[in-house]
J.: 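Handing you this structure, nothing more for now.
Along the sequence shown, the residues carry numbers beginning at 1.
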Amino acid sequence: MSDNKLRCALIFRLEGTKTPSSHGGEAGDGIALSNLSPGPVVLLAKYDHASEYESHAGGGGGGLYGDKEKNYADAVGMVVGGDPPGGVSEEGAIGGFKVVQSDLHQVIYGADSDGMCIAIVTGLKYPSRTAIQMLTELYPPYSEKFSLQAKAATTNALSKKSKSLLSEYCKKYDDSTKVDKASSLNAKVDVVKGQMQDNIAAMLKNTEQAESLAERSNQLNEQANVFQKKSKDLRKQMRCKNIKMTIILVSLVVGILVIVLVPLIMRAKKAASGGRMLRGAEDLFLEAEDLFLE
């Protein structure tokens, strides 16, 4: 998987075959990069900023580093030696920058007129303009310290001496957004874009929740209407039942009163009629007695 990480920095001495310059003579002490053909290179210094070697998955020849067994410095040396920088003849400057990419990494490198080449390995998402900016900024202090030694140094002879300087610039350029305004702006745009996407997602979610709440509210209103209607019907039913129960109770009370009072009334009537008959008999007896005495 590609990334935007800075992997390592390497220093080489180009020793390709020199061809006659456009002025008709051999180049002197300096090397005109446009006249340098592919050839061997000498690794002068290396600094593994990533602290580990990452090879192409599958280890085929299409990977930046070639076979898994090869050291990353040797692999980068093959890239630089096979396609050396070109187009710079000005002394005291680095140029002829080239970018070689694999499926996972990219090598960005350039050289000066004396054949000192600086290369860095990064992930594919690391901006090449930032990498070239690092090479341009690293070259003056490195050239000032080691240019004379670089002309005759043996393989890997300057790694320890160069470590502090290479480490300093690798750390400085480790995060491209801190040294590259365009990368920083892109990063800020990505952050804003992410925030906007999150806000839109939240709005859509809130809209869905609002629609769901509205639907639930409508359902509750319908249920409330149904409940109100049922409560009215139930109230009517209870009123009718109450009326029926009242009628039944009144009927029972009246019936009980009739059953109890009617016999009492009948008995009272009979008793009253019996008393009248007795008084009438007494009156007849008194009249008969008066007639007899006369």
J.: Decide yes or no on side-chain contact (heavy atoms from CB on, under 4.5 Å) for Lys171 and His49, but give the supporting numbers first.
T.: CA-CA 8 Å; Lys171 289 178 181 178; His49 182 61; 4.1 Å; yes

J.: Side chain of Ser102, backbone of His105: donor and acceptor closer than 3.5 Å?
T.: yes

J.: Can you name the nearest heavy-atom pair linking Cys8 to Asp48, along with the distance?
T.: CB-CA, 3.9 Å

J.: Counting N and O atoms only, with roles assigned by atom type, does the side chain of Thr207 sit under 3.5 Å from a partner on the main chain of Met203, one being a donor and the other an acceptor?
T.: yes

J.: How far apart are the closest heavy atoms of Thr154 and Val42, and which atoms are they?
T.: C-CG1, 4.3 Å

J.: Distance check, rounded to the nearest 0.5 Å: Tyr139 atom OH versus Met134 atom CE?
T.: 16.0 Å

J.: Of all the heavy-atom pairs spanning Cys117 and Pro85, show the shortest one and how long it is.
T.: SG-CG, 4.4 Å

J.: If you define the side chain from C-beta out and look only at heavy atoms, does anything of Leu10 sit under 4.5 Å from Tyr109?
T.: no

J.: Please tell me whether Ile256 and Ile248 are part of a single hydrophobic cluster in this structure, the criterion being side-chain heavy atoms less than 4.5 Å apart.
T.: no

J.: Can you name the nearest heavy-atom pair linking Asp103 to Leu124, along with the distance?
T.: O-CD1, 3.2 Å

J.: Parallel under 30°, tilted from 30 to 60°, perpendicular over 60°: which one fits the rings of Phe146 and Tyr142?
T.: tilted

J.: Is Val99 linked to Tyr126 within one hydrophobic cluster, defined over Ile, Leu, Val, Met, Phe, Trp and Tyr using a side-chain heavy-atom separation of less than 4.5 Å?
T.: yes

J.: Which residue is it: Gln237, Arg239, Met238? I am looking for the one with a side-chain contact (heavy atoms from CB on, under 4.5 Å) to Arg235.
T.: Arg239

J.: Roughly how far apart are Glu215 CD and Leu220 CG, rounded to 0.5 Å?
T.: 11.0 Å

J.: Where do Tyr72 and Tyr47 come nearest, in terms of heavy atoms and distance?
T.: OH-C, 4.1 Å

J.: With no hydrogens and no angle check, is any side-chain donor or acceptor of Lys98 less than 3.5 Å from a backbone partner on Pro84?
T.: yes

J.: Does the Asp112 side chain pair with the main chain of Asp114, one donor and one acceptor, at a distance under 3.5 Å?
T.: yes

J.: Crowded around Glu144 CD? As in, over 12 foreign heavy atoms under 6.0 Å?
T.: no

J.: Enter the distance from Ile247:CD1 to Leu252:CG here, rounded to the nearest 0.5 Å.
T.: 12.0 Å

J.: Is Leu138 close to Tyr173 at the side-chain level, that is, under 4.5 Å between some pair of heavy atoms?
T.: no

J.: Where the side chain of Asn199 meets the backbone of Gln195, is there a donor-acceptor pair that is under 3.5 Å apart?
T.: yes

J.: Verify, without hydrogens or angle tests, whether Gln106 (side chain) and Gly123 (backbone) share a donor-acceptor contact under 3.5 angstrom.
T.: yes

J.: Can you measure from CD1 (Ile11) to OG (Ser159) and round to the nearest 0.5 angstrom?
T.: 9.5 Å

J.: Any donor-acceptor pair under 3.5 Å linking the side chain of Ser231 with the backbone of Gln228?
T.: yes

J.: What is the distance from atom CG of Leu44 to atom CZ of Phe12, rounded to the nearest 0.5 Å?
T.: 8.5 Å

J.: How close do Ile94 and Leu135 get, heavy atom to heavy atom, and via which atoms?
T.: CG2-O, 4.1 Å

J.: Test your reading of the model: is there a side-chain donor-acceptor pair from Arg13 to the backbone of Ala150, 3.5 Å cut-off?
T.: yes

J.: Rounded to the nearest 0.5 Å, what separates atom CD1 in Ile118 from atom CD1 in Ile108?
T.: 13.0 Å

